[in-house]
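Encoded as C-alpha cells, the structure appears first; notes follow it.
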Amino acid sequence: MTVFNPTAFRQQFPALADAGVYLDSAATTLKPQAVIDSIQQFYSLSAGTVHRSQFAAARALTERYEQARSQVARWLNAADGHQIVWTRGTTEAINLVANSWLRPRLQPGDEIVVSEAEHHANLVPWLMAAQACGARVVKWPLGADRLPDIARLPALLNGRTRLLAVSQMSNVTGGCPDIAQAIQLAHAVGAKVMVDGAQGVVHCPPDVQALDIDFYAFSGHKIYGPMGIGVLYGKAALLEEMVPWQGGGKMLTEVDFNGFTPQPVPWRFEAGTPNVAGVVGLSAALSWLGQHDRAKAESWSQQLASLAEEQLAELPGFRSFRCGHASLLAFEFTGLHHSDIVTLLAEQGIALRAGQHCAQPLLAALGVSGTLRASFAPYNNLQDVDALVRAMRSAISLLSEF
Ligand code: PMP
C-alpha cells in the first residue's frame, strides 16, 4: 500500500494541472491517470463486445468484465460476484429495485419509509411506485442533529412497511445515519432496506453482509471511475425473486411470440450491449484506490473541510450544515443568495456547487432555499482552502455593498 502523500496523490489527476480549484467532488470525483489510461487502452486495444462473440479478444473481454463483478463484490464484502448488477449509476440501480422488486409486491395501503435526507434518486422512484400501486411513502424525519431521527423510526415501521430507503451518507450534510440500527429495525417488521451508497462508497465502503444490507447502490463516477457505470448489490435470494425490468438482447435464454425465459441473475437485468468501457474504468478505479492508504486520505480531506469551516466561520453571517467530520461542507451566509456567491466564485476559478443538491425535502427541513457546498477530496490541498476563503471574502464584501 502506498503511504498517503497529498502532493503525490494530487499529481495523479491531470484535471488539476490547470490553475482552478475543484471543490465539487461530491458531484463527481476527478479521474486519476490510471483510470484514464485504462479506458484509453480499452478503446485502443480491445476488439468486440462481451457475451456475444466467439473470437479470442471478445472472450478475453468477457472474462475481464465478469471478473470485475467479483472485484466489486470484494469491495463491498458481498459473498458472490453474481450479486453485482451493472447499471448506469445509482439512479438506475434504485429504479431497478423499485420496478423489479418493489412494484410486483406492492399492494394498496402498503408503506415505503424514506428518510427526509434523501437525494431525489432515493425518493422519486418510491413515489412513482407508490402512486402506481396505491401505496404510501412515509417520511422518516430529521432530528436536531440533521440525521434521520433513529428514535422516531420504530413508530414509523409496521406490518405494512415493505421497504426502508436511506442513504449511507447525505450529499448535503455529509451525515451518516446509523444504518446498522435502521436495518435491524426494518427487518424486525419484515421490511427490506435500500441503502443509497452514492456518497458513502468512496469514504467508507460498507460490509454488506455484516450490516445485513438488502440492496446497495453506487455510481462509478463518485469513486474515481467513469460516468455511466454503476452497481446494484442485492441479496442473492432477493435478486432471484426479481423479474427483469428492461427487455432486449442477452437478458433471456429463449424467446418466441408466446414469451421468453429470462437469463439467470445478474444477466437478466442487463439488457442490451453494456457499458464495457465503464466496467473496465471502474475496475481500474477500485484497483488504483486499493493501493492507497484510504484512512489517511479520508482524514486529509476531512481536515481540509474542517479548516475551511473554521476560516469561513470568521466571515459575517456564516452558517454551516455540516454533520460531524464530513469532507463535504454545506453552508450559507445569512442575507446573501447562494447563486450570487457561486457566480462570483466561479469567476475566480473556484468550482463549487450551490442550490438544492437534488435534495429539496432535506433543504426544506433545514429551512433554506439552497446552500453552497464545498466538497473536498484527498487531491485537494491547503492552497485550495486559502483560495476558497479569499474568494469568499471578496464575494461577500462585493455583495454586501448592494
Ligand atoms: N444519491 C446521492 C446521495 C447522490 O449524491 C447522488 C448523486 N448526486 C445520487 C444518489 C445519484 O447518483 P447518479 O446521478 O450517479 O445516479
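Whatever order the structure lists them in is the order used to number ligands and atoms, beginning at 1.
Residue Lys222 places a heavy atom under 4.0 Å from ligand 1.
Among pairs with a residue in residues 92-146, those fulfilling ring-ring contact (aromatic ring centres under 6.0 Å, His included) read Trp101-Phe215, at least two apart in sequence or across chains.
A side-chain donor from one of Gln168 and Tyr216 sits under 3.5 Å from a side-chain acceptor of the other. Gln263 and Thr253 are not linked by any side-chain donor-acceptor pair at a separation below 3.5 angstrom, with hydrogens and angles left out of the test. Using modelled atom types, one finds a donor on one side chain and an acceptor on the other under 3.5 Å when comparing Tyr379 with Ser25.
Counting the atoms of ligand 1 from 1 in the order shown, those under 4.0 Å from a heavy atom of Ser219 are 12 (O), 13 (P), 15 (O), 16 (O). The ligand atoms of ligand 1 that sit less than 4.0 angstrom from a heavy atom of Thr90 are 10 (C), 12 (O), 16 (O).
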Original post:
What do the steps show when you test Ile341 against Met392 for side-chain contact (heavy atoms from CB on, under 4.5 Å), and what is the final call?
Top reply: CA-CA 8 Å; Ile341 298 181; Met392 197 67 75; 3.5 Å; yes

**OP:** Before giving the answer on side-chain hydrogen bond (donor to acceptor under 3.5 Å, both in side chains), spell out for Glu332 and Thr371 the whole-Å C-alpha distance, their side-chain angles and the decisive distance to 0.1 Å.
**Re:** CA-CA 5 Å; Glu332 66 157 2; Thr371 76; over 6 Å; no

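In terms of polar-atom proximity, defined here as any N/O pair under 3.5 Å, Glu92 makes no such contact with ligand 1. Geometrically, ligand 1 and Ser167 share no nitrogen or oxygen pair separated by less than 3.5 Å.
In terms of protein heavy-atom proximity, atom 5 (O) of ligand 1 is closest to Gln199 NE2, 2.9 Å. Among all protein heavy atoms, the one lying closest to atom 11 (C) of ligand 1 is Thr91 OG1, 3.6 Å. Atom 4 (C) of ligand 1 has His119 CD2, 3.3 Å as its closest protein atom, hydrogens excluded (heavy atom only).
Contacts of Ala198 with ligand 1, taken as heavy-atom pairs under 4.0 Å, involve the side chain alone. Residue-level proximity to ligand 1 for Asp196 is carried by the side chain, the only part with a heavy atom below 4.0 angstrom. Looking at His221 against ligand 1, only its side chain comes within 4.0 Å, counting heavy atoms.
Applying the salt bridge (Lys or Arg N to Asp or Glu O under 4.0 Å) criterion to Glu309, with sequence neighbours excluded, gives Arg322.
In this structure, Arg160 places its CZ atom where more than 12 heavy-atom neighbours from other residues, nucleotides or ligands lie under 6.0 Å away.
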